[in-house]
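One structure is given below, encoded as C-alpha cells.
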Amino acid sequence: MSAKQQLILNYCSATTHESLSGEEAPWDVALHRQWPLLESDDIKSLEKAYTERSLGYKEAGGDGVFRSANLVFGKVFSKAWMYRYNQPTSGVAEVHHSADNWHMFKGTRTGSNGTVVFDPFNPSEAAFAEELIAYWLSFVETGDPNSSKLDRSPQWPEYGASKQRLCLEAAEDGSNGSGSKAEQYSDEEKALHLLWVQLVDRTQS
C-alpha cells in the first residue's frame with residue numbers, strides 16, 4: 001500500500017446506528033453467528049462495554065461490521081477524510097447503509113428485484129445532493145474533497161491533522177444552504193471501536 005494514498009471513510013447514522021440484522025438473540029449467539037472465531041471472553045468484554053453505555057449487541061455488531069475499521073484506515077493512509085452520513089432517503093426516518101446512493105444518483109435508488117425507484121428531491125435535498133457530489137468530484141480529481149467544493153459548503157477537515165470528521169446533512173431549515181459541519185470523533189466512540197480493532201484476527205471470518 002502506497003504511503004501517498006488518500007481515502008474517504010464513512011458510516012451512516014441518525015437516531016439509530018447501523019446494526020446487525022437478524023432475530024433477537026443472546027450476545028454470545030448473535031455475535032458468534034457473525035464471527036464464529038470470537039472467544040467467550042471477547043464477547044463478555046464487548047457486552048460489558050456496550051451495556052454500560054446502554055447499547056445492545058446490534059449496535060456492537062454494527063461497529064464491528066461498519067465503523068471500527070475507520071480508526072485503522074485513518075492511520076494507515078497518508079491522508080484520510082472521515083464523515084458521518086446523516087441524511088435519510090425520501091420517506092425514511094433513519095439513515096441506513098447506502099442512504100447516500102439516493103443523493104449521489106439524483107433521486108434514484110435500488111428497488112425490489114433489481115428495479116430502480118425514483119423519488120424527486122425537494123429544494124433542500126437537491127442542494128444537499130449538489131454539495132455531496134461536489135465533494136466527491138473534488139476528491140476524484142485531486143485527492144482532496146475541498147479542492148472544488150461549493151462555496152456554501154464547510155471545509156472538510158483531514159482526519160490525521162484534526163481528529164475530526166464531517167457530518168453530512170441538509171440544512172435543518174429546509175433552505176438550499178449547507179447543514180454539514182465538522183465534529184469530533186468522540187472518546188467514547190474511539191474506545192468502543194478500539195475493542196474491535198484489537199479483535200481483528202478473530203473477526204476476519
Side-chain angles (χ1 to χ4, degrees), residues 1 7-77 80-104 109-114 157 159-160 162-169 180-205:
M1 182 180 295
L7 183 69
I8 286 182
L9 301 159
N10 87 303
Y11 67 85
C12 301
S13 71
T15 55
T16 61
H17 296 290
E18 283 185 300
S19 60
L20 287 185
S21 59
E23 298 178 358
E24 294 292 329
W27 276 76
D28 58 341
V29 173
L31 296 190
H32 267 141
R33 189 163 54 201
Q34 183 74 27
W35 297 283
L37 298 183
L38 282 179
E39 298 176 357
S40 177
D41 285 346
D42 299 332
I43 294 175
K44 288 178 180 177
S45 296
L46 290 166
E47 181 177 7
K48 181 176 185 295
Y50 280 84
T51 55
E52 285 177 349
R53 295 166 171 83
S54 300
L55 298 171
Y57 76 82
K58 288 191 174 183
E59 289 80 17
D63 280 346
V65 172
F66 296 109
R67 293 182 289 275
S68 59
N70 284 0
L71 288 179
V72 177
F73 288 126
K75 292 180 179 179
V76 170
F77 283 75
W81 287 267
M82 290 191 184
Y83 69 98
R84 181 171 65 88
Y85 200 79
N86 201 39
Q87 185 63 31
T89 58
S90 175
V92 179
E94 299 172 354
V95 183
H96 297 289
H97 187 65
S98 75
D100 46 354
N101 288 350
W102 184 55
H103 299 98
M104 289 293 293
R109 52 195 168 102
T110 304
S112 61
N113 296 321
Y159 176 75
S162 68
K163 298 299 183 284
Q164 289 185 316
R165 65 187 174 204
L166 193 66
C167 175
L168 286 166
E169 57 188 358
S180 301
K181 53 189 176 293
E183 63 181 19
Q184 203 69 34
Y185 200 124
S186 74
D187 290 339
E188 182 171 283
E189 282 182 284
K190 288 179 184 177
L192 292 175
H193 293 178
L194 283 171
L195 286 175
W196 285 102
V197 171
Q198 293 164 7
L199 298 173
V200 65
D201 289 339
R202 296 193 286 282
T203 56
Q204 297 187 60
S205 57

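Along the sequence shown, residues carry numbers from 1.
- For the atom pair Asp201 CG and Leu38 CG, the distance stands at 11.5 Å (nearest 0.5 Å).
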Would you check, one step at a time, whether the test side chain to side chain contact (heavy atoms under 4.5 Å, CB included) holds for Asp28 with Tyr57?
CA-CA 9 Å; Asp28 58 341; Tyr57 76 82; over 6 Å; no
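- Once rounded to the nearest 0.5 Å, the distance linking OH of Tyr83 with CG of Asp100 reads 4.5 Å.
- Applying the side chain to side chain donor-acceptor pair (under 3.5 Å) definition to pairs two or more places apart or across chains, those involving residues 36-46 are Asp42-Arg202.
- Although no hydrogens or angles enter the test, the distance criterion places no donor-acceptor pair under 3.5 Å between the side chain of Ser68 and the main chain of Val197.
- Contacts of Trp196 classified as side chain to side chain donor-acceptor pair (under 3.5 Å), with partners at least two apart in sequence or in another chain: Tyr50.
- In this structure the side chain of Leu192 reaches within 4.5 angstrom of the side chain of Leu55, judged on heavy atoms.
- For Ser180, the side chain to side chain donor-acceptor pair (under 3.5 Å) partners two or more places apart in sequence, or in a different chain, are Glu131.
- Across all non-hydrogen atoms, the minimal contact from Ala99 to Tyr85 is C-CE2, 3.9 Å.
- A pairwise comparison of heavy atoms in Ala25 and Arg33 identifies CB-NH2, 4.1 Å as the closest pair.
- A distance of 11.0 Å separates OG1 in Thr203 from CG in Leu31, rounded to the nearest 0.5 Å.
- With sequence neighbours excluded, the residues that form a side-chain contact (heavy atoms from CB on, under 4.5 Å) with Gln164 are Pro157, Ser162, Ala182, Gln184.
- To the nearest 0.5 Å, atoms CG (Leu37) and CG (Leu199) are separated by 11.0 Å.
- Of all the heavy atoms in Met82 and Asn70, the pair that sits closest is CE-O, 2.9 Å.
- Residues passing the side chain to side chain donor-acceptor pair (under 3.5 Å) test with Lys48, sequence neighbours excluded: Glu52.
- Glu169 is linked by a side chain to side chain donor-acceptor pair (under 3.5 Å) to Asn86, Lys181, counting only residues two or more places apart in sequence or in another chain.
- Between Trp27 and Gly56, the shortest heavy-atom contact is CZ2-C, 3.4 Å.
- Just one of Arg165, Arg84, Arg67 meets the salt bridge (Lys or Arg N to Asp or Glu O under 4.0 Å) condition when paired with Glu189; it is Arg165.
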